[in-house]
Amino acid sequence: MNKRFREMIAGYVDDELTNAERTEFEQKLAANPELRAELEEFRKLKEVTSVMSYADLPLEVWENYWQSLYRKLERGFGWIFFSIGAMILLGFGAWELFHQVFTDPASPWYIKIGLPILLLGLVILVVSLGRERLFAYRKDRYKEVIR
Amino acid sequence: MVIRNKQSLGEAMDRTLVLKIRTGDKRALGQLVERHKKLAYQVALGLVGNKDDAYDISQEAFLRVYRSADKFDDSQPFLPWFYTIVTNLSRTWLKRRSKRENKMVDVDDSSYLMVAEGTPESALVRKETIDRLRAALKKLSFDDREIITLQHFRGMSYDEIAELLGIPKGTVMSRLYYARKKLAESMRSYYE
């Protein structure tokens with residue numbers, strides 16, 4: 001059966017064909033039992049879905065929708081400020097700690113060795129996580145999806 | 001003509017609101033949310049099949065609008081851009097939830113599909129029909145489920161779908177045909 005007429009079944013069921021297309025389709029339909037069978041199947045499907053709907057949310061959820069979204073928005077800003085502040089303080093703390101440990105001759109040797117190892121481990125972890133995220137982003141098939 | 005004018009008015013309003021959001025206007029975001037929250041939720045629900053996740057996805061979509069308002073091309077209508085955000089978030093959600101890429105996953109939310117309230121046929125439609133349809137929808141690909149959601153469950157016309165997806169009307173008809181064919185095949189044994 002012609003691909004064009006097959007696809008027109010959808011338009012016919014949804015009443016989306018132009019008058020000329022409908023006439024053409026009905027002529028084809030009258031002469032083609034296969035097309036009629038498929039049309040019947042589509043009509044049954046449409047009948048079933050026409051009495052169904054996606055579940056709605058309770059009214060109070062819709063009423064609180066904006067408040068909930070607003071709280072998320074606020075929290076987003078909160079996390080940004082918190083992260084910036086934490087990074088500044090942690091950086092300052094780390095600098096002070098290193099400065100104190102390495103300028104103080106009384107600092108035990110294991111602290112002097114342990115601290116750089118800790119820092120090295122942290123740098124490796126950050127680089128590894130960053131690389132993984134970058135790799136995942138590059139492999140994301142849908143990141144550039146624009147209609 | 002009246003519908004077209006209404007649509008243009010709506011588009012102009014959306015555009016104005018997004019321009020205000022760019023300046024950090026949260027009230028404008030609130031207005032935009034009121035206009036499109038149900039669309040966002042229903043599209044996400046049709047794609048992921050879980051009410052709680054659809055709710056979260058719809059909210060995340062509005063947060064993205066707020067953060068990325070400057071990326072919106074204001075010479076274009078807002079809805080297709082917003083719709084792409086919702087579908088991309090849904091795709092990402094599905095990818096995270098399932099290794100079977102783009103297949104709807106079983107998330108134990110069997111109540112996302114129901115017989116429409118106040119439908120005279122409600123009593124005639126048995127639970128079995130819903131279960132069968134739900135199972136059939138689950139088997140569809142992401143793109144097939146998308147087109148079925150828009151036409152069958154959002155009741156959108158081919159012109160509206162074409163505009164939303166940025167595809168020709170003929171492609172809408174063709175995509176609907178193939179999606180329905182797969183759906184009908186899954187339902188066939190039920191009719192017999």
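The sequence lines fix the lettering, A, B, ..., with proteins before strands; numbering per chain opens at 1. All values below come from the heavy atoms of this structure, side chains included, with hydrogens, waters and symmetry mates left out.
Taking the side chain as every heavy atom from C-beta outward, B:M173 and A:D14 never approach each other to under 4.5 Å.
Follow the hydrophobic side-chain contacts under 4.5 Å out from B:F82 and you never reach B:L19; the two are in separate clusters. Taken together through direct or relayed side-chain contacts under 4.5 Å among Ile, Leu, Val, Met, Phe, Trp and Tyr, A:I117 and A:Y110 form part of one hydrophobic cluster. Both A:I113 and A:L115 are part of a single hydrophobic cluster, where members link through side-chain heavy atoms under 4.5 Å apart. Taking hydrophobic clusters as Ile, Leu, Val, Met, Phe, Trp and Tyr residues chained together by side-chain heavy-atom distances below 4.5 Å, A:L90 does not share a cluster with A:V127. If you chain together hydrophobic residues whose side chains sit under 4.5 Å apart, A:I80 and A:I88 fall into the same group.
B:E34 and A:Y65 share no donor-acceptor pair across their side chains, judged by distance under 3.5 Å alone. Side-chain atoms of B:S157 and A:E16 form no donor-acceptor pair, as typed in the model, at a separation below 3.5 Å.
A distance-only check finds no donor-acceptor pair linking the side chain of A:E7 to the backbone of B:Y177 [under 3.5 Å].
Remark: B:F62 CZ to A:L73 CG distance equals 12.5 Å, nearest 0.5 Å. Once rounded to the nearest 0.5 Å, the distance linking CG of A:L69 with NZ of B:K26 reads 11.5 Å. A distance of 7.5 Å separates OG of A:S53 from CD of B:Q42, quoted to the nearest 0.5 Å. In this structure, B:Y55 OH and A:L57 CG are separated by 8.0 Å, a value rounded to the nearest 0.5 Å. Summarising the geometry, atom CD belonging to B:Q31 is positioned 9.5 Å from atom CH2 belonging to A:W66; distances are rounded to the nearest 0.5 Å. Atom CG in B:L63 sits 12.5 Å away from atom OH in A:Y70 (nearest 0.5 Å).
Of the listed residues (B:I167, B:I148, B:T149), the greatest number of heavy-atom pairs within a distance under 4.5 Å of chain A belongs to B:T149. Between chain B and the options A:G76, A:S68, A:A55, A:G11, the largest number of non-hydrogen pairs under 4.5 Å is found for A:A55.
Interface remark: B:Y158 contributes backbone and side-chain atoms alike to the contact with chain A (heavy atom separation under 4.5 Å). Heavy-atom distances place both the backbone and the side chain of B:K181 under 4.5 Å from chain A. For A:D15, no part sits under 4.5 Å from any heavy atom of chain B, backbone or side chain.
A salt bridge is defined here as a Lys NZ or Arg NE, NH1 or NH2 lying under 4.0 Å from an Asp or Glu carboxylate O, and B:R180 with A:E41 fails to meet this definition.
The number of heavy-atom neighbours closer than 6.0 Å to CZ of A:F98, taken from other residues, nucleotides and ligands shown, is above 12. Other residues, nucleotides and ligands place no more than 12 heavy atoms under 6.0 Å from the CD atom of A:Q100.
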Check the pair A:V13, B:L176 against side chain to side chain contact (heavy atoms under 4.5 Å, CB included), reporting the backbone distance first and the verdict last.
CA-CA 11 Å; A:V13 168; B:L176 258 171; over 6 Å; no

What verdict does the side chain to side chain contact (heavy atoms under 4.5 Å, CB included) test give for B:R154 and A:Y54, after you've listed the backbone C-alpha separation in whole Å, the side-chain angles of each residue and the deciding distance to 0.1 Å?
CA-CA 9 Å; B:R154 287 286 306 168; A:Y54 287 143; over 6 Å; no

